[in-house]
S.K.: 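Quick one: this structure, given as structure tokens, is what I'll be asking you about.
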Amino acid sequence: MTLIGSVPLATSDLQIVDGARRSSTLICAPVMAETVDQMLIQTRKAKELGADLVEIRLDFLKNFSPRQDLEILIKQCPLPTLITYRPKWEGGEYDGDENKRQTALRLAMELGADYIDVELKVAHDFYNTIQGKKPEKVKIIVSSHNYQNTPSLEEIGNLVARILATGADIVKVATTAVDITDSARIFQILVHSQVPMIGIVMGERGFISRILSAKFGGFLTFGSIEAGVVSAPGQPSIKDLLDLYNFRLLGPDTKVHGVIGNPIGHSKSPHLYNPAFKSVNFNGIYLPLLVDNVANFLKTYSSPDFVGYSYTIPHKEAGFNCCDEIDPIAKEIGAISCMIKRPDGNLMGYNVDYLGAIAAIEEGLRANGANGASGSPLAGKLFVVMGAGGAGKALAFGGKEKGARVVVANRTYDKAKKLASKVGGEAITLADLENFHPEEGMILANTTSVGMKPKIEDTPLAKKALKHYSLVFDAIYTPKLTRLLREAQESGAITVYGTEMFINQAFVQFEKFSGLPAPKQLIRDTLARNT
Ligand code: NAP
């Protein structure tokens, strides 16, 4: 079943008015300290960071004296307060008498808290005890937490109906993600909710629910004051919500992009694309997407608003198999690194790795006076590719595409032969490359992992062979200056860093995602800051 496919979302209005807030979704900072003083410090920090309200977790306080502590907390808090006193039976810390707990919540209401969280299991009791004597200003959030999984759409719908039947002002449903597709059911409920609703899917696989709640109209999302100090797994920090994911700029029309991989937590790509989208006022977001099954992911998030993906390990081949159409070179390489959903819904696959590497090499040649009358300065050149793995294939096909004469040199000769025959080139072993110099001014590209950190003193080709090359490119980018490139410079060759391949493929992807020219300097600066 396609869960998101039927959600009616406007797809126009791609560029956003500079800086305008596009949704009313609030950022709520959980405050979990052992003393009132520490809590107040945290509330001030939350305000400084840009949160809209704080959730005071009374169950974390040691020696809690309700009247005195609540008076101070509510009166001195610089932001609106949501008071939660979470019992152990709902995943919290409080293990005491239930009457005392509810009495404290009622007291918080009387003392002027803005929101009170009451668990569904006791919501009817709670409403009975207040008997309609709820101060006008207070809104009651009736909450349900599931720490095991995310139920079916029908079951969540029934749960929401039960919450509404209690008289809740705001519905809160927090579930747990077993798979990234679980968030889709919460989005479906959020977008159709007639009352304010908080819908969160906890855990790393539910991360997108926390960011996209702004797109699907959630009442609030939680953002931690300190990165990693969270009240539930998968919670982003306030800083990341605002600075990395441009939370205030997200709205119903925001186009969703991301990098599909597993693991994906440490990907630098969101740091690259989100500031770039913002800088050109493009109404898009780029998320880390921890995907287990690519086909399921694509089928579930089939709405026209989920539009562009980068693919990384181990999903480049799975992505390839899910495309409706594939760029001819990506087809020959057998792997994609970028996927775009076209307006007709068809998924188009590209291998931008080769575009990035070839563009970097061409740039290096042009910057040093090569003109390439026929279009590419690589045309007609003898282009030696060391390595026949994923990057080797991309470079060899890219070289062929630009009209170069390709030689594949690989440790395992059979692989060199197979790739060379596909690109109409010649194959040799890496060992034989040392004495291979049919002409001067050749171009060399290293795509083996020889020389990569930590073995930075290794090199795939002896220095004495480098004098026959006019340009040497190394796909390795850790370290930036490999031994191969250092020795190539000493031999007088033009050198092109592996980081240039990464940057250039990012330019290409940015343009495919947004349809706008890439803010190249900004992308370079962002990458320099994040590596
Ligand atoms: P891969 O598919 O695993 O291929 C590895 C290649 O290195 C194979 O040709 C392998 O030869 C060769 N090799 C490995 N160890 C060797 C050794 N000790 N001596 C000689 N040859 C050796 O890897 P890949 O995805 O192509 O990546 C290769 C490199 O490119 C990595 O350093 C990666 O970080 C880099 N890369 C950079 C970018 C970028 O944006 N700059 C993008 C992609 C990849 P055999 O066939 O004989 O095993």
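This is a predicted model, so every value here is computed, not measured. Ligands are counted one by one from 1 in listed order, and the atoms in each one are counted from 1 as well.
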S.K.: Are side-chain heavy atoms of Ile180 and Ile208 found at a separation under 4.5 Å?
M.R.: yes
S.K.: Any ion pair linking Arg405 and Glu426 (charged N to carboxylate O, less than 4.0 Å)?
M.R.: no
S.K.: Do Tyr309 and Tyr301 make the cut of ring centroids closer than 6.0 angstrom?
M.R.: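 No, too far apart.
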S.K.: Aromatic rings Phe277 and Phe510: how do their planes relate, parallel, tilted or perpendicular, breaks at 30° and 60°?
M.R.: tilted
S.K.: I need the atoms of ligand 1 closer than 4.0 Å to a non-hydrogen atom of Ser449, numbered in the order shown.
M.R.: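 Here the atoms of ligand 1 in question are 7 (O), 14 (C), 15 (N), 32 (O).
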S.K.: Are the side chains of Leu461 and Leu444 in contact, using a 4.5 Å heavy-atom criterion?
M.R.: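 Sidechains of Leu461 and Leu444: in contact.
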S.K.: Give the atom numbers and elements of ligand 1 that come within less than 4.0 Å of a heavy atom of Ile476.
M.R.: 32 (O)
S.K.: If we set the cut-off at 4.0 Å for heavy atoms, which region of Asn410 has an atom near ligand 1: side chain, backbone, both, or neither?
M.R.: side chain
S.K.: What atoms of ligand 1 come within less than 4.0 Å of a heavy atom belonging to Phe502?
M.R.: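 Under 4.0 Å from Phe502, ligand 1 has these atoms: 40 (O).
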S.K.: Students should be able to answer this: which protein heavy-atom is nearest to atom 7 (O) of ligand 1, and at what distance?
M.R.: Thr448 CA, 3.2 Å
S.K.: Tell me the protein heavy atom at minimum distance from atom 42 (C) of ligand 1, and give that distance in Å.
M.R.: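 The closest heavy atom on the protein side is Met501 CE, 3.5 Å.
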S.K.: Give the numbers and elements of all ligand 1 atoms closer than 4.0 Å to a heavy atom of Gly387.
M.R.: 9 (O)
S.K.: Which residue owns the protein heavy atom closest to atom 28 (C) of ligand 1, what's the atom, and how far is it?
M.R.: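 Going by distance alone, atom 28 (C) of ligand 1 is nearest to Thr447 O, 3.0 Å.
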S.K.: Going from CE on Met339 to CG on Asp324, what distance comes out if it is rounded to the nearest 0.5 angstrom?
M.R.: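 Interatomic distance, Met339 CE to Asp324 CG, rounded to 0.5 Å: 8.0 Å.
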S.K.: Go through ligand 1 atom by atom and flag the ones less than 4.0 Å from a non-hydrogen atom of Met452.
M.R.: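 In order of number, 32 (O), 34 (O).
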S.K.: With the threshold set at 4.0 Å, does a side-chain nitrogen-carboxylate oxygen contact exist between Asp305 and Lys215?
M.R.: yes
S.K.: Check ligand 1 against Val450 and write out every atom of the ligand that is under 4.0 Å from a heavy-atom position of the residue.
M.R.: 16 (C), 17 (C), 18 (N), 19 (N), 20 (C), 21 (N), 22 (C)
S.K.: I want to confirm something. Looking only at heavy atoms, which of Ala445, Ala409, Ala475 is nearest to atom 41 (N) of ligand 1?
M.R.: Ala475
S.K.: Determine if the distance from atom 26 (O) of ligand 1 to the closest protein heavy atom is below 4.0 Å.
M.R.: yes
S.K.: Tell me which part of Leu430 gets within contact of ligand 1: side chain, backbone, both or neither, using heavy atoms under 4.0 Å.
M.R.: side chain
S.K.: Considering non-hydrogen atoms of the protein only, which is the closest contact for atom 47 (O) of ligand 1, and what is the distance?
M.R.: Thr412 OG1, 2.5 Å
S.K.: Using side chain to side chain donor-acceptor pair (under 3.5 Å) as the criterion, point out the one residue from Asp179, Asp182, Asp292, Thr181 that pairs with Arg205.
M.R.: Asp292
S.K.: Would you mind listing which atoms of ligand 1 come within a distance below 4.0 Å of any non-hydrogen atom of Gly390?
M.R.: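 Contacts of ligand 1 toward Gly390, numbered from 1: 2 (O), 26 (O).
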S.K.: Who's closest to atom 18 (N) of ligand 1 heavy-atom-wise, of Arg411, Lys455, Glu500?
M.R.: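 Answer by nearest heavy atom: Arg411.
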S.K.: Under 4.0 Å from a heavy atom of Lys415: give me the atoms of ligand 1 that qualify, with their elements.
M.R.: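 Within the 4.0 Å cut-off of Lys415, ligand 1 contributes 45 (P), 46 (O), 48 (O).
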S.K.: Does atom 15 (N) of ligand 1 have any protein heavy atom closer than 4.0 Å?
M.R.: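 Within 4.0 Å: yes, protein heavy atom nearby.
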S.K.: Short check: is a protein heavy atom less than 4.0 Å from atom 12 (C) of ligand 1?
M.R.: yes
S.K.: Working to the nearest 0.5 angstrom, can you tell me the gap between Ile264 CD1 and Ile313 CD1?
M.R.: 9.5 Å
S.K.: Examine Ala391 against ligand 1 and note whether any of their N/O atoms are separated by less than 3.5 Å.
M.R.: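 By distance alone, the answer is yes.
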S.K.: Considering non-hydrogen atoms of the protein only, which is the closest contact for atom 4 (O) of ligand 1, and what is the distance?
M.R.: Gly389 CA, 3.5 Å
S.K.: Nearest 0.5 Å please: distance from the NE2 atom of His257 over to the CD1 atom of Ile340.
M.R.: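 Spacing of NE2 (His257) from CD1 (Ile340) equals 6.5 Å.
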S.K.: Would you say that Leu378 contacts Ser376 through its side chain, given a criterion of any heavy-atom pair below 4.5 Å between the two side chains?
M.R.: yes
S.K.: Have a look at Leu395 and tell me which of Val408, Ile361, Asp353 forms a side chain to side chain contact (heavy atoms under 4.5 Å, CB included) with it.
M.R.: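 Only match with Leu395 under side chain to side chain contact (heavy atoms under 4.5 Å, CB included): Ile361.
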S.K.: Look at the aromatic rings of Tyr273 and Phe513 and report parallel, tilted or perpendicular, splitting at 30° and 60°.
M.R.: perpendicular
